[in-house]
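Read through the structure below, which is laid out as structure tokens, and then see the notes.
The basis for the numbers below is simple: all heavy atoms, side chains too, and nothing from hydrogens, waters or symmetry mates. We count ligands from 1, going down the list as the structure has it; atoms in each ligand are counted the same way. All values reported here derive from a predicted model rather than from experimental measurement.
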Amino acid sequence: MGTTTPEARPVSRWWAALAGVVAAGAGLAVAELVAAWVAPGSSPVLAAGGAVVDAVPGWLKDLAVSLFGTADKAVLLATMGVVLAAGAALAGVLEVRRPPWGQVLLGAVGVVAALVATARPGATAAWAVPSVVGVGPGVALLRSLAGRVRRLGAAQERLAAPAGDAADGRRAAAARREADLDRRSFLQLTGLAAAGAFVAVVASRAVGAGARAAQAVRETLRLPSPATPAPAVPAGADFGYPGLADYVTSNDAFYRIDTALRVPVVDPTTWTLRVVGLVDDPFELTWDELLALPLEEHHVTLACVSNEVGGDLVGNALWLGYPVRELLARARPHADADMVLSRSVDGFTAGTPLAVLQEPDRDCLLAVGMNGEPLPVEHGFPARLVVPGLYGYVSATKWVTELKVTRFADDVAYWTPRGWSERGPVKLQSRIDVPRYGDTVTPGDDGTVAVAGVAWAQHTGIGGVEVQVDDGPWEAATLAATVGPDTWRQWRVAWDTGSARAGDHTLRVRATDADGHVQTSEEAPPDPDGATGWHTIQVTVA
Ligand SMILES: Nc1nc2c(c(=O)[nH]1)N[C@H]1C(S)=C(S)[C@@H](COP(=O)(O)O)O[C@H]1N2
Ligand SMILES: [Mo]
């Protein structure tokens, strides 16, 4: 063997290509398996396919549909498969001839796939995980297979050298044995990788099947109309400014927080809610029984205790459900009970004060609908709790299957031993959405800049919002209309920059609740019971 770059003979070019295809295929199979756990949409194949569909110009899409009809998706996937196989073969040849460029190519494809997946609608950062995890075994396999191909090529070269004397003959026999060994070890590893990839793909189909089934059930589901519809959203509830959070958050834009690595998949036809514990009449409610009850619809703003001042772990939705207070009344709690421990199929629990759930004028719901649809799978399908005025971690159990009436002295909820407060009433907060931190703003013709945001004090309501520029006086904001105290409220101020010199300025916001309490300036981190402080941003006036 020479000291220069090992050159493979043409005969091993096909082996090199095969090495690339097998390595890429195995990596992709691993990625698909991981994707089945992360989220159905995070599959690199589906994400890349979706991106291609979105990027294809209209005329080409029309042409594809007219040529292939409903098979256009299959044609797309097949085309992608061919392109991918060609690229993988190229990576194989590259890796055999110019290591490590094949690995670099495969790695780069993985990185691009990860980026494409995270850019899909509804994607989270986690959608990068399948591609990132798949690249490892793909690259390692490519490296190892290419090494075998290279050795095989070298052995074949020695074989091809003309045999002269007896020593050459022995050398040739040794080279032949070596070539046989190299070939066998290449084929063994290739076979093993292909078998592994096959198992991974079968497993990913099996893992994904449950999620697809639940998704399919959800899609065909028709929820009953509410017996008590929500009051209409008043016309003036949403200023409609670009960049300002919508008064009603769409399901796609709604923040998601839970401990579930994999979204629990619950079949509503087998789902039940058990109401048990310190009650006279424990009972179990089926899905059909729940839907037959008179349902109510309410707008409620949900907030996460982990939300930083100025953060976006808060959203407002229209929830359809049945009052929890009625369920509790039916079970008849004992007088010494003071907590309801709600439990999810995935083991998560929240501890909610029993008295809060029983309040006649607080609309705590066992919710089945969100903004006119069945709950999205990741927001708790088929049923969850929604409690106005309490942070999600002590109230908003998704995929809920049990309400256990108990006592704070006897039971602990999921987050309590992990350092979070046992009780979690939502704290009065306000946020500046427009302009954004660091923006350069240009005053309009009237010399003003629109400053706007949201403020919330669930179940108490917002009474006022004020904005301060630099160390100037607090200026009262105009409040948008609202359906009631359980939702956040938009606010706006026309900041008159006439007196403000062009340059850097600080904007602060503070809210006052409907009871007259002013939001505290004292800064507290989210841990253990919710952040406080005034949202403060820097902007530059051009
Ligand atoms: N099963 C389950 N339910 C859960 C959680 C969870 O981790 N598991 N997290 C809670 C927390 S901390 C919050 S803030 C809300 C968030 O609800 P969302 O994801 O629909 O916005 O769900 C709550 N319900
Ligand atoms: Mo939360």
Within a distance under 4.0 Å of any heavy atom of [X], pick out the atoms of ligand 1 and give their elements.
X: Tyr393; result: 11 (C), 12 (S)
X: Thr397; result: 3 (N), 24 (N)
X: Trp399; result: 1 (N), 2 (C)
X: Cys304; result: 14 (S)
X: Asp346; result: 1 (N)

* So Glu373 and His379, side chain to side chain contact (heavy atoms under 4.5 Å, CB included) or not? Walk me through it. -> CA-CA 11 Å; Glu373 288 177 27; His379 291 291; over 6 Å; no

Within the distance-only criterion (no hydrogens, no angle test), does the side chain of [X] pair as donor or acceptor with the backbone N or O of [Y] below 3.5 angstrom?
X: Arg510; Y: Glu466; value: no
X: Asp338; Y: Phe408; value: yes
X: Gln458; Y: Gly389; value: no
X: Tyr247; Y: Gly240; value: no

* Backbone or side chain, does any N or O of Leu302 fall under 3.5 Å from an N or O of ligand 1? ->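 Checking ligand 1 against Leu302, no N or O pair falls under 3.5 Å apart.
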
* Nitrogen or oxygen of Asp258 less than 3.5 angstrom from that of ligand 1 -> no

Which bit of [X] gets closer than 4.0 Å to ligand 1, counting heavy atoms only: side chain, backbone, both or neither?
X: Tyr255; result: both
X: Phe254; result: side chain
X: Tyr414; result: neither

* Asked: Is the shortest distance from a Lys or Arg side-chain nitrogen in Asp258 or Lys398 to a carboxylate oxygen in the other one below 4.0 Å?
  ->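 Salt bridge flag = yes for Lys398 with Asp258.
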
* May I ask which of Ser344, Ala350, Ala367 has a heavy atom nearer to atom 1 (N) of ligand 1 than the others do? => Ser344

* Of Glu378, Arg384, His379, Arg256, which has the heavy atom at the shortest distance from atom 17 (O) of ligand 1? -> Arg384

* Determine whether the aromatic ring centres of Trp534 and Trp474 lie less than 6.0 Å apart. =>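 Yes, they do, as the ring centres are separated by less than 6.0 Å.
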
* Are the aromatic ring centres of His505 and Trp495 under 6.0 angstrom apart? -> yes

